[in-house]
Amino acid sequence: MMNRNQCKQWWSAAALLAVCLISLLDTSAVAFSSNTNYNNVASLSTSKLHAATTEINKLTHVTENIIVEEAELNQQVDEDLTILFAARIPRGDDDDDSPPCEGLLLQKNNDESNIHHYQAHITCHHDDDNVDHFLGVFHKLLIQYLFIEHDLYQDQLRNDDGTTAMLSISLDDNNEDAATASELHVQLGHIGFSFPTNDEEPTYTNDGIQMDLSKYEPFLNSFIIRHRGTEQGNASLILHKMLCERRVSYQFSNDDDDQMEQSQSSGRRRNVVSHHPSVLAPSIIDEVHSILDVVKSRQWLSTNPDSVDGLPSLHLNLITNGKPLFDIDEDEEGVIEEGVSVEELSTFPQCIKSLVKVLRPHLYENLLPAARKVLNSPTVEISDVFIRSYGVQPGQQEDDTVDADDDDIESKTRFGLSPHFDVTAYATCVMALDAVASSGKQGLYTIPPTNGFHTSSAVLKKFFPLKKGDGVVHTFDILHGVDVDPRLNQPRTSLIIWFTDSSESSVGEKEDVSSSVNQPWLLRPSKDDDIGQFVLALASERTVEEDGSHLKLKSAVDPLQLYISSAAQGNVFAMTALGQMCDDGVVPDDQCDVIRDFLLALDSSNPYVPNDELEASGRCKCEALANPLWYHAAIQGGHRVAQVSLADNLMLQYMTGRENLSTKEAESIILMASILLTQALHQGYNSLDMLHRIRDVECSRLNDAGVEIPSDAFFQSAVI
């Protein structure tokens, strides 16, 4: 580590360069649902009209630009250390010879060819340096590190190179009392930073950065909003995009097995993530692929809309509700067997029967007993088995019409599945039928809870490393999704097994409803089980069975009270759903105080919570609580649907009440909406069309204000 004097010497090594402009809009093809035309909106309720002029004034807005100068140096200090990049806040008129805050990105040269070590070293020279100054410099250094990390990932895609990077962070804050942490240290500790002393080694999280991103991510969301329209705000938005694009491997732990042994008498298990290596032998997988090649060549993969996101499912059902799609006669001709060519499988039923015949012994004789053990329930059964395919399909690799940026790409293939909880299966096993996920950077991922709090942010996603033939079993309450990089240019194929459990609840209570619904494991969540409450509410609203059995679950629970109870515990998924119910006007106004009170208890600074004056006037209806619910879910949980919903509502409010808004208020609302939509875009929600419509609204506003388009004044607009 360099001392302060060594750091100062290198500030004169090169002139600091101006910041490069980086596009904030990612044009990747992703899901999209909103079609709101902001130039043609209906009148809003009185509460919403009032909210348009009051909420925005409560939002903290730092308008000061913290200018950060930066330079690429690539100066080798000695054989062990190279200075790659420098950033600093320039001196003010009243400052001494030292800038208020400066930082260096250093590379530690070592002989470990597969791990590159970097260090972000920041020096704050003044006692009154605050968090904003520190972050203005740190964000620049972290962005440069993430560029390096991304380049290493690109090399992995091209060359199957296993090189990784790690970043340590150090701070010299002019604190002469080594025994006492400075105020800056304390403040940074609250948002995820941890600085070792000179004698300590840095402690890395499992994503390779010496900071707790689960603490930092909600702070970063609020920082972006607070500094909207400034240089540091724009840099933070770039940082958010790059953090969302990271591909970090999940680390399986033996703790799951230990917990399982300790809970043998406590009923069926929850929060299970269990790794099962080599479930299927290579010879079995090769046999499966030989049949799948026939299926794919004849385009028999289903393209029906997926229940999670409505995109083409690209799946192949083998077993449904415990029964094979087609009955199998062991002596039936045409089913693949020894000495029979795959090409002889001329019909769809023959292919399905052959796949079931190949897989069934391994699923029922090996996987099912293992699943019953890890789930701690002897009544677990296999419900559904199907194959899913993602990424560029065979025959498309050389097809120039297949492009990840093609607007019509999702009609040809799919590259992911939105993060979600399962509502129809108690547990799921995902088996890798290829090696695409072996690096822990492709395929199935989870967003693990932190300290019991679940978030939806793509910043925190972790990919399960699954070798060919490996499986991972997880329960319904594990948030999961799929993401395959289009640049990989090859398909990812997996075998999915859904498990159900018809036994009574884990608490041993027997009620008639348990035996009459298809998901008894969802019933009777405890009062502090926010995920269980949310999933039960979701299942009661969205699950539809052909035999009408879903109506029994629907009649057994009150989804509104479940959403309220879950949201009151800070569950951002329930908040997002409850916000939509409030906006739709289906929440009774007698619930207004309940929702408002828990929102204030969770975050008293939420700028969208109706104030006491509005409540006393009788204008505080549940409709007015949609925005504060979405705001909390968007900032604290990084929930992309909440971000889009809040942005959409803000623009509707703007278009209806713009005549009563000042120039500052109008710009702030539009800017807030554009930032929320950009954050959702970074996380895979296709909000690009909505951003284009906001751009058109801003152009119209500037034109009405007499700003020539284009002109310098036009491009100085924070929104543009």
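Every side chain to side chain contact (heavy atoms under 4.5 Å, CB included) that A634 has, sequence neighbours left out, goes to A642, Q643, L676. In this structure A574 satisfies the side chain to side chain contact (heavy atoms under 4.5 Å, CB included) test together with F534, Y563, S566, A567, N571, sequence neighbours excluded. With sequence neighbours left out, the ring pair (Phe, Tyr, Trp, His ring centres under 6.0 Å) criterion links F464 to Y250, F252. Here H632 pairs with nothing under the ring pair (Phe, Tyr, Trp, His ring centres under 6.0 Å) rule; sequence neighbours left out. Remark: E149 engages R246 in a salt bridge (Lys or Arg N to Asp or Glu O under 4.0 Å) (not counting sequence neighbours). Annotation: salt bridge (Lys or Arg N to Asp or Glu O under 4.0 Å) contacts of K468 (sequence neighbours excluded): D286. Residues passing the ring pair (Phe, Tyr, Trp, His ring centres under 6.0 Å) test with H480, sequence neighbours excluded: H420, H474. Listed by chain and residue number, F573 satisfy the ring pair (Phe, Tyr, Trp, His ring centres under 6.0 Å) test with F421 (two or more places apart in sequence, or in another chain). Annotation: side chain to side chain contact (heavy atoms under 4.5 Å, CB included) contacts of S377 (sequence neighbours excluded): R268, T379, V380, D501, S503. Under the rule for a side chain to side chain contact (heavy atoms under 4.5 Å, CB included), the partners of H289 that lie at least two apart in sequence or sit in another chain are I285, L292, L433, T493. Partners of D151 according to the salt bridge (Lys or Arg N to Asp or Glu O under 4.0 Å) rule, which considers only residues two or more places apart in sequence or in another chain, do not exist here.
In this structure, the side chains of P324 and I352 stay at 4.5 Å or more apart for every pair of heavy atoms.
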List the steps, then state whether side-chain hydrogen bond (donor to acceptor under 3.5 Å, both in side chains) holds for T428 with D422. CA-CA 9 Å; T428 299; D422 291 332; 3.0 Å; yes

May I have the step-by-step check of side-chain contact (heavy atoms from CB on, under 4.5 Å) for T500 and N518, ending in yes or no? CA-CA 8 Å; T500 56; N518 292 337; over 6 Å; no

One pair to check against side-chain contact (heavy atoms from CB on, under 4.5 Å): W300 and C351. What are the steps and the verdict? CA-CA 10 Å; W300 284 341; C351 289; 3.7 Å; yes

Residue pair R487, Q154: steps toward the side-chain contact (heavy atoms from CB on, under 4.5 Å) verdict: CA-CA 9 Å; R487 294 168 294 186; Q154 294 276 63; 3.4 Å; yes

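Applying the salt bridge (charged side-chain N to carboxylate O under 4.0 Å, His left out) test to residues at least two apart or on different chains, the pairs with a partner in residues 470-484 are R247-D483, R270-D477.
Contact record, P419 with L479: C-CD1, 3.9 Å, taken as the closest heavy-atom pair. When every heavy atom of K296 is checked against every heavy atom of S389, the shortest pair comes out as NZ-OG, 3.5 Å. Nearest heavy atoms, S687 versus L681: OG-CB, 3.4 Å. Closest of all the heavy-atom pairs between D529 and Q569 is N-OE1, 4.0 Å.
Here CE of M431 is found 10.5 Å from OG of S494. Values are rounded to the nearest 0.5 Å. Here SG of C429 is found 8.0 Å from CD1 of I496. Values are rounded to the nearest 0.5 Å. Atom CD of Q251 and atom NE2 of H275 lie 13.0 Å apart (nearest 0.5 Å). Residue H315 holds its NE2 atom at 3.5 Å from CG of N317, rounded to the nearest 0.5 Å. Here the straight-line distance linking atom CG of D485 with atom CD of Q490 works out to 11.0 Å at 0.5 Å rounding. Once rounded to the nearest 0.5 Å, the distance linking CG of L243 with CD1 of I238 reads 12.0 Å.
Just one of Y426, F476, F386 meets the side chain to side chain contact (heavy atoms under 4.5 Å, CB included) condition when paired with W498; it is F386.
Here the two rings, on Y145 and Y118, have centers that are under 6.0 Å apart.
Comment: E245 does not engage K461 in a salt bridge, judged by the lack of any side-chain N to carboxylate O separation of less than 4.0 angstrom.
There is a side-chain donor-acceptor pair under 3.5 Å between S457 and E217.
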